[in-house]
Amino acid sequence: MQYISTRGGSAPQSFTQAVEMGLAPDGGLFLPERLPDLSGKLEGWAELPYAELAAAFLGEFAPEISGEEWRELTREAYGGFADEDVAPLVRLDERTWVLELFHGPTLAFKDFALQLLGLLYKRQVARTGKRLTVLGATSGDTGSAAIHGCLGREGMTIFILYPDGRVAPLQERQMACTGAANVYAMPVPGTFDDAQRVVKEVFGDREFAETMHLSAVNSINIARVLAQSVYYLHAWRRLPEDVRERVEFVVPTGNFGNVLAGWLAQRMGMRCGGFRVATNRNDILYRFFGTGVYEESEVAASHAPSMDIQAASNFERYLYYLNGGDAERTVAAMRELRSIGRLDVGGVPAGTIRASRMDDETIAATIRAVKERYGYVVDPHTACGFGELAEGRASVVLATASPAKFPDVVVAACGVEPRDATLEALKGRALERWPVAAEAEAVKAFLRERSGR
Ligand SMILES: *Cc1c(COP(=O)(O)O)cnc(C)c1O
């Protein structure tokens with residue numbers, strides 16, 4: 001299995017190489033050259049514990065990593081999750097389920113990908129003998145999950161940029177109160193898109209990236225997407241058989257990585273009803289799936305900060321498939337998008353993805369309504385998934401974060417204060433912040449200094 005770039009201008013790479021490179025050299029995103037047909041294997045995987053399922057699935061994508069090594073990696077990655085099932089599927093009523101993806105160390109779904117990625121980095125350091133500099137931008141949860149994937153690991157230093165004042169206070173604490181010497185939490189002025197732009201610029205300096213052994217940790221790494229496909233398969237196999245083929249997965253969405261992972265699983269043979277992209281007021285994807293026009297606008301802060309995004313970095317992968325795997329068309333589309341901030345794909349894309357949006361007021365009302373109706377407390381991101389639950393249709397809403405990460409909004413909405421012991425412990429610790437200008441040169445200088453290069 002080789003990995004090709006959405007822009008067609010890079011030589012095919014192995015899984016190991018694609019993971020190490022993060023972004024393809026031509027600026028595109030890696031994808032498997034073909035998607036395996038897993039429909040014949042799903043039944044045999046039905047009873048595997050989560051980590052074993054992950055090992056079986058990921059083994060399809062990286063023949064150079066043995067089955068035994070995959071099992072070691074996934075057992076270590078998911079062994080520390082607080083729930084024995086790793087991703088429990090909770091039934092709320094006869095046709096509504098919640099897939100709880102928040103039992104990892106930072107209480108959000110990004111732990112699924114980043115615990116594994118941290119271990120793949122560790123494998124890389126052992127393999128190459130070279131120190132690794134991990135750099136990423138975050139709107140909140142990616143940064144903390146990435147940090148906890150790399151925490152205290154020898155041979156790597158991690159630098160995470162985030163928009164100052166725009167991540168939830170507890171999210172910032174998860175990044176800036178680790179006490180680990182290999183972690184730098186770096187607030188920058190502006191929005192998440194500013195932070196992400198700077199990170200992209202730093203990676204754009206090939207020489208710098210090479211001398212620093214720079215690795216990307218944002219949602220573009222192909223290992224992240226594939227690791228996330230696993231919990232869709234996990235949930236799907238737990239559903240009653242008559243529900244599987246028509247169930248809709250509802251995915252609170254920002255960078256489009258999570259829903260893409262499910263959509264890929266569907267293309268590999270997980271027969272389901274489809275997907276709904278649930279956005280907050282930053283509704284670029286909602287507008288896209290309603291009109292076929294992808295048009296960037298200003299990012300507005302919302303109750304669901306991890307979805308405050310107007311330039312979804314994984315969208316290019318979807319676009320590549322939408323263009324029938326035509327890299328040239330993808331290049332042209334991305335160029336158009338970059339130059340005018342707008343892309344018209346010529347009508348609503350056919351397929352199985354719908355979309356919904358939710359403003360802050362409705363998020364609060366929904367947290368309250370879900371609590372009243374089911375006695376179940378959701379976080380503001382997950383709440384977005386509870387809008388427009390399809391009438392009569394079976395739905396699995398992905399719970400992307402624990403309500404304990406966003407206590408202010410949750411208490412105001414439903415009067416219940418969600419608590420979590422690991423978060424409580426963070427409140428007493430000092431913040432260690434490393435503010436930096438939203439400029440590539442300033443970030444590069446800081447990385448050099450801190451890495452002693
Ligand atoms: C990152 C995040 C999202 C958005 O996921 P994408 O893969 O970027 O679409 C939604 N909810 C929470 C809690 C998140 O941390």
Side-chain angles (χ1 to χ4, degrees), residues 50 77-90 98-118 136 138-151 158 160 162 166-180 183 185 217 219 224 227-228 230-231 234-235 251-255 257-258 280 303-308 363 367 370-371 376-385 397-411 413-414 416-429 431:
Y50 190 93
Y78 304 118
F81 277 46
D83 193 285
E84 208 185 329
D85 191 58
V86 182
L89 186 64
V90 177
V98 175
L99 179 61
E100 292 186 346
L101 300 175
F102 52 73
H103 297 289
T106 70
L107 313 185
F109 82 91
K110 293 190 174 76
D111 288 325
F112 281 84
L114 290 167
Q115 282 296 306
L116 185 73
L117 194 60
T138 187
S139 55
D141 289 332
T142 307
S144 47
I147 284 169
H148 286 262
C150 296
L151 206 62
I158 178 164
I160 296 293
Y162 60 94
R166 288 191 185 228
V167 302
L170 279 172
Q171 287 179 320
E172 183 170 39
R173 292 201 158 268
Q174 286 182 314
M175 295 190 276
C177 301
T178 64
V183 171
V217 81
S219 45
R224 286 191 59 183
Q228 292 176 175
V230 176
Y231 50 69
H234 175 68
V251 190
T253 295
N255 262 320
N258 198 358
N280 60 21
H303 282 342
S306 295
M307 291 154 48
D308 290 348
I363 287 176
I367 292 172
V370 171
K371 168 73 177 57
Y376 188 85
V377 179
V378 291
D379 96 289
H381 302 79
T382 307
C384 294
V397 180
L398 274 63
T400 51
S402 161
K405 284 191 96 163
F406 305 95
D408 298 351
V409 176
V410 173
V411 172
C414 74
V416 174
E417 179 160 5
R419 280 176 188 275
D420 179 272
T422 46
L423 290 180
E424 293 303 315
L426 284 178
K427 290 182 185 166
R429 295 215 203 142
L431 280 167

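What's counted below: heavy atoms across the whole structure, side chains too, no hydrogens, waters or symmetry copies.
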*Measure the CZ-CG distance between R224 and N255 for me, rounded to the nearest 0.5 Å.*
8.5 Å

_We want to know whether Q171 and S306 form a side-chain donor-acceptor pair, criterion being a heavy-atom distance below 3.5 angstrom._
yes

*Would you say the ring centroid of F406 lies under 6.0 angstrom from that of H303?*
no

*Does S144 use its side chain to pair, donor to acceptor, with the backbone of M175 at less than 3.5 Å?*
no

_Once rounded to the nearest 0.5 Å, what's the spacing between atom CD1 of I367 and atom CG of D379?_
7.0 Å

*Heavy-atom closest pair, residues A404 and L423*: O-CD1, 3.3 Å

_Nearest-0.5 Å distance that lies between atom CG in D141 and atom CZ in F109_ = 7.5 Å

*Taking it one step at a time, do D85 and H103 satisfy side chain to side chain donor-acceptor pair (under 3.5 Å)?*
CA-CA 9 Å; D85 191 58; H103 297 289; over 6 Å; no

_Spacing of OG1 belonging to T142 relative to CD1 belonging to I147, to within rounding of 0.5 Å_ = 10.5 Å

*When you measure from the side chain of Q174 to the backbone N and O of T106, does any donor-acceptor pair fall under 3.5 Å?*
yes

_Nearest 0.5 angstrom please: H148 NE2 to T422 OG1, how far?_
9.0 Å

*Would you call C384 and N280 a side-chain contact if the rule is heavy atoms closer than 4.5 Å?*
yes

*4.5 Å side-chain heavy-atom contact, V416 and K371*: yes

*With a 4.5 Å heavy-atom cut-off, do Q115 and F81 have their side chains touching?*
yes

_Euclidean distance, D420 CG relative to L107 CG, rounded to 0.5 Å_ = 4.5 Å

*Residue list, salt bridge (Lys or Arg N to Asp or Glu O under 4.0 Å) with R429, at least two apart or on another chain*: none

*Applying the side chain to side chain contact (heavy atoms under 4.5 Å, CB included) test to L99, which of L398, T382, V251, V90 qualifies?*
L398

*Should N258 and Q228 count as side-chain neighbours, where that means a heavy-atom distance under 4.5 Å?*
yes

*Which word best sums up how the rings of F112 and Y231 line up, parallel for under 30°, tilted for 30 to 60°, or perpendicular for over 60°?*
perpendicular

